[in-house]
Amino acid sequence: MSHVTHLECSVCGKRRESGKIHNLCECGGPLLVLYDLEKIKKAWTRDTISGGPCNMWRYAPVLPVRDAHSIVSLGEGMTPLKRTARLGARLAAQNLWVKDEGINPTGSFKARGLSCAVSMCVELGIRKVAIPSAGNAASAMAAYAAAAGIEAHIFMPRDVPQSNYIECKAFGAHVTLVDGLISDCGRIVAERKDAEGWFDVSTLKEPYRIEGKKTMGYEVAEQLGWTLPDAIFYPAGGGVGLIGMWKAFSEMEALGWIAGKRPKMIAVQTEGCQPVVRAFERGEPKSEFWENAHTVASGLRVPKPLGDALMLHAIRDSGGTAIAVSDEELLDASLELGADEGIFAAPEGGACIAALKKLLASGFLNTSDRIVIYNTGAGLKYLEAFSTRFPRLTASEQDKLGGLITPR
Ligand SMILES: Cc1ncc(COP(=O)(O)O)c(C=O)c1O
Ligand SMILES: [Zn+2]
């Protein structure tokens, strides 16, 4: 299976042994997993990969799990990459594609990261995990922990979408709703984990979620016949998907699976929480904590991403950009995608469509560019947000009005 050689700190470069339990480096930097790509190149071709299972574990040789029995899978990955010609024609984007991650187990791309992280917990003998989450990572954590028979402790903002709360409860997790944001949840996990014996599965504080998420990069290349698009739109909270895809592109280049220009990586945030956009615009290497973060795209309510430096590096290296849109714009755009293409996107996915409009209008992108939008979640998970556009009287309110449909 895996050909991991070691782990390496993304900040100070210090090496760590694989097959051990790791969180952050002592310098505070996230650890990244490295593979013997030369060996993989000899044993695997991209055609062998294409013959694998129809989920993200087809890329097992470049994933960290050593023993196939450790894999905890609910069928994540190999999501549709759909050419969205009708929406494209309206926006004057002639070559527009949507990678629909809402199809994943628990309705978001978070399934990829958590499938990989929980599989590694199984491999390393970890029995109790804790996660601070903006919502969807919590749902995925709870599902994979349930599938693995591991105890899950979830900390998320009290005002997460109802779907996230109910999913976690339905999966039998221990749920704590916190009056605050993901940053406050992270603090609670950090304070309590040692006494409780929890393994901290916070974004980038453990090295394996990013490995699962990087499969979005492998998959888009495979689905486009081992070529890459001109631009990728990614709704960035913690930014792990973007960093992961960037890692996947270097691995695939080393494997000889792809060549040529990499896509412009475009990080999309919202006006109410845009630390990465601000840092990008100011030319800073890191972001600053965004005060009073608020947006209906709850996955993007991350006021200070731990991977900000890695994200900014990938955006700049790619010739990409970072851009913010308003909540109104992103809800409008989600509904346009829905009505034009039959894809009910999460607000985060809608944010990417709204950002695309701006970058076509500004000339940053050309109408002929091949563009891939990551719709990271299912619109169905955000009924409160979309209800604001389609208000409906509840049964009891109808009753008060006299019952036009049913007799009183
Ligand atoms: C639907 C959705 N999209 C995007 C994000 C942001 O993901 P990342 O932290 O990898 O940037 C999240 C995070 O919760 C999410 O739930
Ligand atoms: Zn370090």
Side-chain angles (χ1 to χ4, degrees), residues 7-16 22-32 99-104 106-114 131-141 156-157 160-161 163-164 167 181-183 185-186 202-205 207 209-210 212-214 216-217 232-246 265-270 273-276 287 293 295-311 314-315 322 330 334 344-352 373-382 385:
L7 285 78
E8 200 170 279
C9 173
S10 57
V11 175
C12 73
K14 190 170 168 191
R15 288 167 75 109
R16 296 283 185 315
H22 294 293
N23 281 118
L24 290 176
C25 175
E26 57 273 9
C27 82
L31 302 181
L32 297 176
K99 179 92 173 126
D100 191 7
E101 292 290 307
I103 303 292
N104 275 303
T106 70
S108 89
F109 75 133
K110 297 282 175 181
R112 296 177 187 263
L114 272 311
I131 193 168
S133 168
N136 284 321
S139 304
M141 171 88 258
M156 54 188 176
V160 284
S163 61
N164 295 132
E167 277 178 294
L181 295 174
I182 186 173
S183 39
C185 300
S202 300
T203 302
L204 287 175
K205 282 194 189 166
R209 282 173 67 182
I210 181 171
K213 282 194 179 178
K214 84 178 177 192
M216 289 191 294
I232 284 183
F233 281 75
Y234 179 79
V240 184
L242 191 150
I243 302 164
M245 284 194 268
W246 200 242
M265 302 301 282
I266 298 163
V268 181
Q269 299 201 301
T270 65
C273 182
Q274 43 170 318
V276 174
S287 66
T295 168
V296 293
S298 44
L300 305 185
R301 267 194 321 177
V302 181
K304 172 73 175 107
L306 181 60
D308 50 3
L310 291 169
M311 204 179 342
I315 298 166
L330 64 87
S334 293
F344 187 14
E348 293 81 351
C352 291
I373 299 276
Y374 276 80
N375 169 41
T376 43
L380 273 177
K381 299 199 77 174
Y382 295 79

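For ligands, and for the atoms within them, numbers begin at 1 and follow the listed sequence. Along the sequence shown, the residues carry numbers beginning at 1. Values below: all heavy atoms of this structure, side chains included; hydrogens, waters and symmetry mates excluded.
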Just wondering, do [Y] and [X] contact through their side chains at under 4.5 Å, heavy atoms?
X      : Y      : value
Thr270 : Val296 : no
Arg301 : Ile182 : no
Ser287 : Pro305 : yes
Ser298 : Val160 : no
Glu8   : Cys25  : no

> Gly186 and Pro132: which non-hydrogen atoms are nearest, and at how many Å?
Replying inline: N-CB, 3.4 Å
Using heavy atoms and a 4.0 Å limit, tell me yes or no: is [X] in contact with ligand 1?
X      : result
Glu101 : no
Ser108 : no
Tyr374 : no
Pro235 : yes

When you measure from [atom] to every protein heavy atom, which one gives the shortest distance, and what is it?
atom                    : result
atom 6 (C) of ligand 1  : Gly237 N, 3.5 Å
atom 14 (O) of ligand 1 : Lys110 CE, 3.2 Å
atom 11 (O) of ligand 1 : Gly239 N, 2.5 Å
atom 9 (O) of ligand 1  : Gly238 N, 2.7 Å
atom 2 (C) of ligand 1  : Thr376 OG1, 3.4 Å

>> Can you check the angle at the Zn ion (ligand 2) formed by SG of Cys25 and SG of Cys12? Round it to the nearest 10°.
In response: 110°
> At the Zn ion (ligand 2), what's the angle from Cys9 SG to Cys27 SG, rounded to 10 degrees?
Replying inline: 100°
Below 4.0 angstrom from a heavy atom of [X], which ligand 1 atoms are there? Numbered from 1 as shown, please.
X      : answer
Gly241 : 10 (O)
Ala236 : 11 (O)
Val240 : 8 (P), 10 (O), 11 (O)

>> Looking at Thr376 and Phe109, would you say the former's side chain and the latter's main chain have a donor-acceptor pair under 3.5 Å?
In response: no
>> For atom 10 (O) of ligand 1, tell me which residue out of Phe109, Tyr382, Tyr234 has the closest non-hydrogen atom.
In response: Tyr234
> Heavy-atom distance to atom 1 (C) of ligand 1: which of Leu242, Asn136, Thr203 wins?
Replying inline: Asn136
> For Arg16, does the CZ atom sit with more than 12 other heavy atoms under 6.0 Å from it, leaving out its own atoms?
Replying inline: yes
> What's the spacing between Ile243 CD1 and Lys214 NZ if we round to 0.5 Å?
Replying inline: 13.5 Å
> What's the spacing between Met216 CE and Glu101 CD if we round to 0.5 Å?
Replying inline: 5.5 Å
